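First the proteins, then the strands, lettered A, B, ... as listed; each starts at 1. The analysis underlying the following values was restricted to heavy atoms, covering all of them including side chains, and did not include hydrogens, waters or symmetry mates. Quick caveat, the model's predicted, so the values are computed rather than measured.
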Protein chains: 2
Amino acid sequence: LQPTQQIQPAPSITQPSVVVANPTPANTPATPQVHVSSSEPPTVGQLVSKSHSGGYDEDGINLEEIREFAKDFKIRRLSLGLTQTQVGQALTATEGPAYSQSAICRFEKLDITPKSAQKLKPVLEKWLNEAEMRNQEGQQNLMEFVGGEPSKKRKRRTSFTPQAVEALNTYFEKNALPTGQEITDIAKELNYDREVVRVWFCNRRQTLKNTSKLNVFQIP
Amino acid sequence: LQPTQQIQPAPSITQPSVVVANPTPANTPATPQVHVSSSEPPTVGQLVSKSHSGGYDEDGINLEEIREFAKDFKIRRLSLGLTQTQVGQALTATEGPAYSQSAICRFEKLDITPKSAQKLKPVLEKWLNEAEMRNQEGQQNLMEFVGGEPSKKRKRRTSFTPQAVEALNTYFEKNALPTGQEITDIAKELNYDREVVRVWFCNRRQTLKNTSKLNVFQIP
DNA sequence: TCCTCATGTATATACATGAGGATAC
DNA sequence: TATCCTCATGTATATACATGAGGG
């Protein structure tokens, strides 16, 4: 419920601050054992690979460095006001290796193997550096580099940490329609923008309604 | 674990059959009560609206008819070999109301209010009828109408029912690497294409590996 | 034929927007 | 006039299924 950082966007867009936080996996499967070779069929635990406490994996890849870069990349991308989609499209359009939005997403979330990450890192690093340079020469330049419209200055998507979501859900179950003051308190407690929290509740109520009407009697 | 239907595609594409099944919500919240007006803050149950057993909702909308159409729509869309994205783009390009991929998705899954569904239905119905007509005049015509490439004949995405996924997960936990025979049996049991089940296991293993390496130690 | 691995496309979900309407000042 | 709500619906992100190369 704490590790959030408020980032101010570099571009001129008047925007509420962005919240970027270290994603923290809720599940912590950590049974060792790397390969299966007994006569017994492999179970889930056996597939999950060993802990690498040194920060390096078996291929000598610096995991810590990659984690740091992934976080850094996201912050810088958002500061430039770019979406994963834009980065993906730009990479595909530009020279060099092409990647899709979901590839960028997986990289930022580290839902890839260290090897893939290691391979992607320099590509993204180079691209981002160039994008930042263009941006310094004016936002027009950046948009041209990225190959998109100036865009309608949409607020950047907040991403709540799993912990924050859990906390919000707990509040929601107790009271789905908090008062202004309660919203303020919750926002402060979780360290997110108040408006973002308010909208979260609106959306939550809406989803709940929508998914429980036409659907309910569908059990065939 | 049973309600699946094998649909053969209308177009000439040589493709394994598609599986379309009635999605069945796992959660069944059904506490009545429509509006909140006590001094107590509303809780989740109170937001969920009443059951409409007659098949009609309070606005006189025929829910049953909508459910049927939603299902029908999906089947026909897939038979034409179209994706939700294509439908969305086509609707946006054509005259008439525009809708996005996620709107189509929500319609098919019925994650919308009956009112919205009622409004969307004729739009989709009309569009689909036209698309089917074009298709009869040859697939070229359809693609032109949709406004896309002939596309690379990708297999259509299977969608497993929640029940099927649950069953698969249970098998997976017991044995993450089933033998050929086991796969065959599971596929038969669940009534899905064998290849699709095999790939499901491959993907499951991969996901498990990817999400438990770089990520595990990120708990900040 | 089947696996793993990298990575894509299609779909689903989460956050955002804006119109229209109550309150509550 | 300032909030805040609901509702329809969008965009951005995340996840699930698919593909294809390389290997045995």
Novice: Using the test salt bridge (Lys or Arg N to Asp or Glu O under 4.0 Å), find all partners of A:E166 that sit at least two apart in sequence or belong to another chain.
Specialist: none
Novice: Got a sec, which residues hit side-chain contact (heavy atoms from CB on, under 4.5 Å) with A:E95, two or more places apart in sequence or on another chain?
Specialist: none
Novice: Once salt bridge (Lys or Arg N to Asp or Glu O under 4.0 Å) is applied, do any residues pair with A:E195, and if so which ones, sequence neighbours excluded?
Specialist: A:R198
Novice: To the nearest 10°, give me the bend of the helix from C:dC2-D:dG23 to C:dA24-D:dT1, comparing the axes of its five terminal pairs at either end.
Specialist: 10°
Novice: Taking OP1 and OP2 of C:dG8, is either one under 4.0 Å from a side-chain nitrogen or oxygen of A:Y99?
Specialist: no
Novice: Nearest whole Å is fine: how far is D:dT9 P from A:N210 CG?
Specialist: 11 Å
Novice: Run the salt bridge (Lys or Arg N to Asp or Glu O under 4.0 Å) test against A:R106 and tell me which residues pass, sequence neighbours left out.
Specialist: none
Novice: A:R198 has an atom CZ; how far is it from atom P of D:dA2, in whole Å?
Specialist: 16 Å
Novice: Can you give me the N/O atom pairs linking the protein to nucleotides 13-18 of chain D at distances under 3.5 Å, or say none if there are none?
Specialist:
residue : atom : partner : partner atom : Å
D:dT13  : OP1  : A:R77   : NH1          : 3.3
D:dT13  : OP2  : A:Q84   : N            : 2.7
D:dA14  : OP2  : A:Q84   : NE2          : 3.1
D:dA14  : N7   : A:Q101  : NE2          : 3.2
D:dA14  : N6   : A:Q101  : OE1          : 3.4
D:dT15  : OP2  : A:K109  : NZ           : 2.7
D:dA16  : O4'  : B:R157  : NH2          : 3.3
D:dA16  : N3   : B:R157  : NH1          : 2.7
D:dC17  : OP2  : B:W200  : NE1          : 3.4
D:dC17  : O3'  : B:T158  : N            : 3.3
D:dA18  : OP1  : B:K155  : NZ           : 2.9
D:dA18  : OP1  : B:R156  : O            : 3.1
D:dA18  : OP1  : B:T158  : N            : 3.1
D:dA18  : OP1  : B:T158  : OG1          : 2.9
D:dA18  : O4'  : B:R154  : NH2          : 3.2
D:dA18  : N7   : B:N203  : ND2          : 3.0
D:dA18  : N6   : B:N203  : OD1          : 2.8

Novice: Can you list everything that forms a side-chain contact (heavy atoms from CB on, under 4.5 Å) with A:D72? Sequence neighbours excluded, please.
Specialist: A:R76
Novice: According to side chain to side chain donor-acceptor pair (under 3.5 Å), who are the partners of B:T170, at least two apart in sequence or on a separate chain?
Specialist: none
Novice: At their closest point, which heavy atom of A:K121 faces which heavy atom of A:E65, and how far apart are they?
Specialist: NZ-OE2, 3.3 Å
Novice: Rounded to whole angstroms, how far apart are CD1 on A:I112 and C1' on C:dG8?
Specialist: 14 Å
Novice: To the nearest Å, give me how far apart CD (B:E182) and P (C:dC2) are.
Specialist: 13 Å
Novice: For B:T92, enumerate each residue passing the side-chain contact (heavy atoms from CB on, under 4.5 Å) test, keeping only those at least two apart in sequence or located in another chain.
Specialist: B:A98
Novice: Taking side-chain contact (heavy atoms from CB on, under 4.5 Å) as the criterion, tell me which of A:I183, A:L190, A:N169 meets it with A:W200.
Specialist: A:N169
Novice: Could you tell me whether A:R204 contacts a base, only the sugar-phosphate backbone, or nothing, with contacts defined as non-hydrogen atoms closer than 4.0 Å?
Specialist: nothing
Novice: At their closest point, which heavy atom of B:R77 faces which heavy atom of B:V87, and how far apart are they?
Specialist: CD-CG2, 3.8 Å
Novice: Under 4.0 Å between a side-chain N or O of B:R194 and OP1 or OP2 of C:dC2?
Specialist: yes
Novice: Test of understanding: with side-chain contact (heavy atoms from CB on, under 4.5 Å), list the residues that count as partners of B:F201, not counting sequence neighbours.
Specialist: B:L168, B:Y171, B:F172, B:P178, B:I186, B:V197, B:R205
Novice: Rounding to an integer number of Å, can you tell me how far A:Q86 CD sits from D:dA12 C1'?
Specialist: 10 Å
Novice: Between P on D:dT3 and CD1 on A:I183, what's the gap in Å once rounded to a whole number?
Specialist: 13 Å
Novice: Output one line per pair: protein atom, nucleotide atom from nucleotides 19-25 of chain C, and distance, for all N/O pairs under 3.5 Å.
Specialist:
none

Novice: Could you check which of C:dT4, D:dT6, C:dT9 has an atom nearest any side-chain atom of B:L177?
Specialist: C:dT4
Novice: Taking CD1 from A:I104 and C1' from C:dA6, how many angstroms apart are they, rounded to a whole number?
Specialist: 14 Å
Novice: Measuring from the side chain of B:K119 (C-beta onward, heavy atoms only), which nucleotide among C:dC3, D:dT9, C:dA6 has the closest atom?
Specialist: D:dT9
Novice: B:S116 near the nucleic acid: base, sugar-phosphate alone, or nothing, with a heavy-atom cut-off under 4.0 Å?
Specialist: sugar-phosphate
Novice: List the residues meeting side chain to side chain donor-acceptor pair (under 3.5 Å) with A:T184, not counting sequence neighbours, and say none if there are none.
Specialist: A:R194
Novice: Just the rounded figure in Å: distance from C1' of C:dG8 to CD of A:Q89.
Specialist: 14 Å
